[in-house]
Amino acid sequence: MMHLMVGPVLALAIGAGCRLLDIPLPAPPKLQGALLVLAMTVGYLLGDQLLG
């Protein structure tokens with residue numbers, strides 16, 4: 001359960017840090033790339049739940 005809370009907080013912190021420091025956001029610029037990242041994340045979390 002803690003992993004599900006830490007992930008979004010860390011993602012928001014990285015996004016805010018990139019915005020404050022004017023660094024390009026480390027994310028794909030297209031919707032397909034963002035969906036791929038989301039699918040990999042969901043797959044990782046489901047695998048962790050099923051195997052752990």
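In what follows, residues are counted from 1 in the order of the sequence shown.
With sequence neighbours excluded, the residues that form a side-chain contact (heavy atoms from CB on, under 4.5 Å) with L45 are L4, T41. In this view, V9 satisfies the side-chain contact (heavy atoms from CB on, under 4.5 Å) rule with no residue, not counting sequence neighbours.
Residue L46 is grouped with residue L38 when hydrophobic side chains (ILVMFWY) are merged at heavy-atom distances under 4.5 angstrom, including chains of intermediate members.
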